[in-house]
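To start, the structure under review is shown below, and the notes come after it.
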Amino acid sequence: MPPYLRLVLAALLLAGSVTVAGAAEDGGEPSEDELYERPYIGQICGDNVVSKQLYNGARRYGNFCHRCHGEAGLGSSFAPSLVESLKRLSRDEFNEVVVNGRENLAAGQEKVMPSFGHVTDVMLYLEDIYMYLKAVSDGKVKPGPLERCPS
Ligand code: HEC
C-alpha cells in the first residue's frame, strides 16, 4: 500500500476508530490473538453444523464435563455455567483450572473441580473442548445436537 495510506491507517488505529480485535466481527481476517481466544472461527459452516474438531470437542465435553457442568456447559447444581465463565475467563485461565482443578471450601461448601492434568483424553483435546464451549458462550453454537460439515 502507498506510504500515505499507511499513515492514515496508523492514525486511525491510534485514534481507536479501528480496532484490530474487531476485525473478525467486521468480516476481515481475525488476528492471531482473536483466533487464540476464539478458535471456533472458521469451524462453523451452518446452524449447529461444525468442523470435525469442534464436533469432537463437544463429544469430549459430554464424556468428561457434562455430568457436573450440565447440558452444553449451562451449569447445574453441582457446578457453575461455563458458558457464563467464558465471558470473563481467558483461554489460559480456563486451561489452568482444567489442568490443576480447584476446590471451593468457602462457607462449608464442598464444590470440587477435579484436576484433569493426568487425563490424556482431556489434555490432548483441551483446545477442542474450549473451542466448543467458547462457541456456545459467544452464541455461535446453540445447545443441542451438532452435525458435521460436509467434507
Ligand atoms: C465432579 C464435577 C466436575 C467435573 C466432572 C468437571 N467440573 Fe469443572 N468445576 C466443578 C466445580 C464444582 C467448579 C467450581 C469450583 C469453584 O467454585 O471454585 C468447577 C469449575 C470449573 C471452571 C472454572 C469456572 C469459573 O467460573 O472460574 C472451569 C473452567 C471448569 N470447571 C471446566 C471444566 C471442564 C472443561 C471439565 C471437563 C473436562 C470440567 N470442568 C469437569 C466441577 C466439575
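Each ligand, and each atom within it, is numbered from 1 in the order the structure gives.
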Taking atom [atom1] of [X] and atom [atom2] of [Y], what is their separation to the nearest 0.5 Å?
X	Y	atom1	atom2	answer
Ser90	Tyr130	OG	OH	7.0 Å
Tyr132	Leu146	OH	CG	5.5 Å
Tyr61	Ile129	OH	CD1	10.0 Å

### Query
Do you see a donor-acceptor pair shorter than 3.5 Å between the side chains of Asn63 and Tyr125?
no
Minimum-distance protein heavy atom relative to [atom]:
atom	result
atom 24 (C) of ligand 1	Ser85 OG, 3.4 Å
atom 18 (O) of ligand 1	Arg102 NE, 2.9 Å
atom 22 (C) of ligand 1	Val97 CG1, 3.6 Å
atom 29 (C) of ligand 1	Phe94 CD1, 3.5 Å
atom 1 (C) of ligand 1	Cys68 SG, 2.8 Å
atom 11 (C) of ligand 1	Ala79 CB, 3.7 Å
atom 16 (C) of ligand 1	Asn104 CB, 3.5 Å
atom 42 (C) of ligand 1	Val112 O, 3.4 Å

For ligand 1, note which part of [X] has a heavy atom under 4.0 Å away: side chain, backbone, both or neither.
X	result
Arg88	side chain
Arg60	neither
Phe116	side chain
Leu82	side chain

### 2.8 Å cut-off met by an N, O or S atom of Cys65 to atom 8 (Fe) of ligand 1
no
Contact check, side chains of [X] and [Y], non-hydrogen atoms, under 4.5 Å:
X	Y	result
Ser51	Ile44	no
Phe116	Val99	no
Val122	Arg60	no
Val50	Tyr40	no

Please list, in number order, the atoms of ligand 1 under 4.0 Å from a heavy atom of [X].
X	result
Lys111	12 (C)
Val98	32 (C), 35 (C)
Pro80	11 (C), 13 (C), 14 (C), 19 (C)
Phe78	12 (C)
Phe64	5 (C), 37 (C), 38 (C), 41 (C)

### Query
Does the pair Arg38/Asp138 count as a salt bridge with the N-to-O cut at 4.0 Å?
yes
### Note: Glu127-Arg91 ion pair, threshold 4.0 Å (strictly below)
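A salt bridge is present here (some side-chain N lies under 4.0 Å from a carboxylate O).
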### Task
Answer yes or no on whether Arg67 is positioned over the face of Phe78, meaning its NZ or CZ is under 6.0 Å from the six-membered ring centre and within 45° of the axis.
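No - Arg67 does not lie over the ring of Phe78 by the 6.0 Å and 45° rule.
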### Message
When you compare ligand 1 with Arg67, is there at least one nitrogen or oxygen pair between them that comes in under 3.5 angstrom?
### Response
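By distance alone, the answer is no.
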### Message
Does atom NZ (Lys52) have a neighbourhood of more than 12 heavy atoms from anything else shown, all under 6.0 Å?
### Response
no
